[in-house]
Q: 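Following this message is one structure expressed as structure tokens.
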Amino acid sequence: MSTAMQESKQTSEANIITGRRQGGTGGKPFDDFEFSRLHITSIHVQWDRRINAIQVTYEGGDTAKLHGEKAGQSDTFNLEPGEKIVRIEGFADDFINQLQFTTDAGRWLSFDCV
């Protein structure tokens with residue numbers, strides 16, 4: 001990803017880099033970032049032929065709004081205490097069809113909807 005396509009938000013505890021927003025014509029861009037939400041504890045994904053929805057839970061039990069629609073299969077990626085998401089990769093055309101989360105411990109959860 002080129003630097004021109006990235007926005008960086010820095011705090012005393014985190015360096016968060018966001019890329020170009022993706023998705024189909026039915027979705028809306030979102031950003032759950034708040035300074036109190038620095039440590040992700042789980043990522044919930046609804047999927048079938050595409051990624052239908054995503055919802056993130058943060059340390060302390062703060063769960064963000066579900067972005068998208070409840071449809072298809074459901075999986076939750078639970079992080080270990082102190083574990084961090086270090087990479088998010090995906091593919092999109094009209095919809096987000098592939099998505100992979102990787103942690104600093106080398107664990108990953110992948111969705112290949114194509």
Side-chain angles (χ1 to χ4, degrees):
M1 187 179 318
S2 73
T3 305
M5 294 172 51
Q6 296 179 348
E7 173 186 339
S8 180
K9 299 176 182 178
Q10 294 189 10
T11 70
S12 61
E13 294 186 44
N15 183 22
I16 300 167
I17 299 172
T18 59
R20 187 168 44 104
R21 293 178 174 152
Q22 300 288 338
T25 57
K28 296 178 184 168
F30 67 90
D31 184 348
D32 287 334
F33 179 78
E34 292 178 15
F35 285 105
S36 62
R37 293 178 166 173
L38 294 180
H39 302 283
I40 295 172
T41 58
S42 69
I43 301 172
H44 178 76
V45 178
Q46 299 274 152
W47 62 281
D48 50 29
R49 297 176 321 209
R50 63 181 181 225
I51 302 298
N52 295 313
I54 187 167
Q55 186 173 35
V56 178
T57 300
Y58 299 88
E59 192 172 63
D62 182 17
T63 299
K65 176 184 171 190
L66 178 76
H67 298 285
E69 62 182 42
K70 287 186 177 185
Q73 299 179 60
S74 174
D75 283 298
T76 301
F77 187 33
N78 294 303
L79 279 69
E80 299 295 327
E83 188 175 22
K84 294 175 178 50
I85 300 289
V86 294
R87 186 178 192 117
I88 302 172
E89 297 177 276
F91 173 79
D93 48 30
D94 289 336
F95 302 98
I96 298 175
N97 299 313
Q98 295 175 322
L99 191 59
Q100 180 171 312
F101 301 95
T102 305
T103 73
D104 59 352
R107 295 189 322 119
W108 52 270
L109 180 64
S110 183
F111 300 91
D112 189 354
C113 306
V114 290

Q: State whether the side chain of Thr41 and the backbone N or O of Thr57 hold a donor-acceptor pair below 3.5 Å, judged by distance alone.
A: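 Flag set: sc Thr41 to bb Thr57 pair under 3.5 Å.
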Q: So, the side chain of Asn52 versus the backbone of Ala71: is there a donor-acceptor pair under 3.5 Å, distance only?
A: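 Yes.
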Q: Mind checking what makes side chain to side chain donor-acceptor pair (under 3.5 Å) contact with Gln73, not counting sequence neighbours?
A: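 If we apply the side chain to side chain donor-acceptor pair (under 3.5 Å) test to Gln73, skipping adjacent residues, there are no hits.
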Q: I would like to know whether Val45 and Phe101 meet side-chain contact (heavy atoms from CB on, under 4.5 Å); could you show each step before the answer?
A: CA-CA 11 Å; Val45 178; Phe101 301 95; 4.2 Å; yes
Q: How far does OG1 of Thr102 sit from NZ of Lys84, to the nearest 0.5 angstrom?
A: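 One gets 15.5 Å once the value is rounded to the nearest 0.5 Å.
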Q: One pair to check against side-chain contact (heavy atoms from CB on, under 4.5 Å): Ile43 and Ile85. What are the steps and the verdict?
A: CA-CA 10 Å; Ile43 301 172; Ile85 300 289; 3.9 Å; yes
Q: Using side-chain heavy atoms (C-beta onward) and a distance below 4.5 Å, is Phe95 in contact with Ile51?
A: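 The answer is no, as the side chains (C-beta and beyond) never meet within the 4.5 Å cut-off.
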Q: So, for Trp47 and Ser74, which heavy atoms are closest and what is the spacing to 0.1 Å?
A: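 Closest approach of Trp47 to Ser74: NE1-N, 4.5 Å.
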Q: Evaluate the side-chain proximity of Tyr58 to Thr63: yes if any heavy-atom separation is below 4.5 Å, no if none is.
A: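 Thr63 vs Tyr58: side chains apart.
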Q: Taking only residues two or more places apart in sequence, or in another chain, which ones meet Asp104 in a side chain to side chain donor-acceptor pair (under 3.5 Å)?
A: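 Scan of Asp104 (side chain to side chain donor-acceptor pair (under 3.5 Å), adjacent residues dropped) gives none.
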Q: Salt bridge (Lys or Arg N to Asp or Glu O under 4.0 Å): which pairs involve residues 71-81, sequence neighbours left out?
A: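 Qualifying pairs: none.
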Q: In the structure I gave you, are the side-chain heavy atoms of Val56 and Ser42 within less than 4.5 Å of one another anywhere?
A: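 Answer no - side chains too far apart.
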Q: Which value, rounded to the nearest 0.5 Å, describes the distance between Gln98 atom CD and Arg50 atom CZ?
A: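 Answer for the CD-CZ pair, Gln98 versus Arg50, is 15.5 Å.
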Q: Salt bridge (charged side-chain N to carboxylate O under 4.0 Å, His left out) with Arg107: which residues, sequence neighbours excluded?
A: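 Only Glu83 meet the salt bridge (charged side-chain N to carboxylate O under 4.0 Å, His left out) criterion with Arg107.
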Q: Under a 4.5 Å cut-off applied to non-hydrogen side-chain atoms, are Trp108 and Thr103 in contact?
A: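 Result no, sub-4.5 Å side-chain heavy-atom pair not found.
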Q: Taking ring pair (Phe, Tyr, Trp, His ring centres under 6.0 Å) as the cut-off, I'd like each qualifying pair that reaches into residues 59-78, sequence neighbours left out, listed once.
A: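 Residue pairs with at least one partner in residues 59-78: Phe30-His67.
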Q: Output yes when a side-chain donor or acceptor of Gln55 lies under 3.5 Å from a complementary backbone atom of Ala64, and no otherwise.
A: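 Here the side-chain-to-backbone pair exists.
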Q: May I ask you to test the Leu99-Ile88 pair for a side-chain heavy-atom distance under 4.5 Å?
A: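 Yes, side chains in contact.
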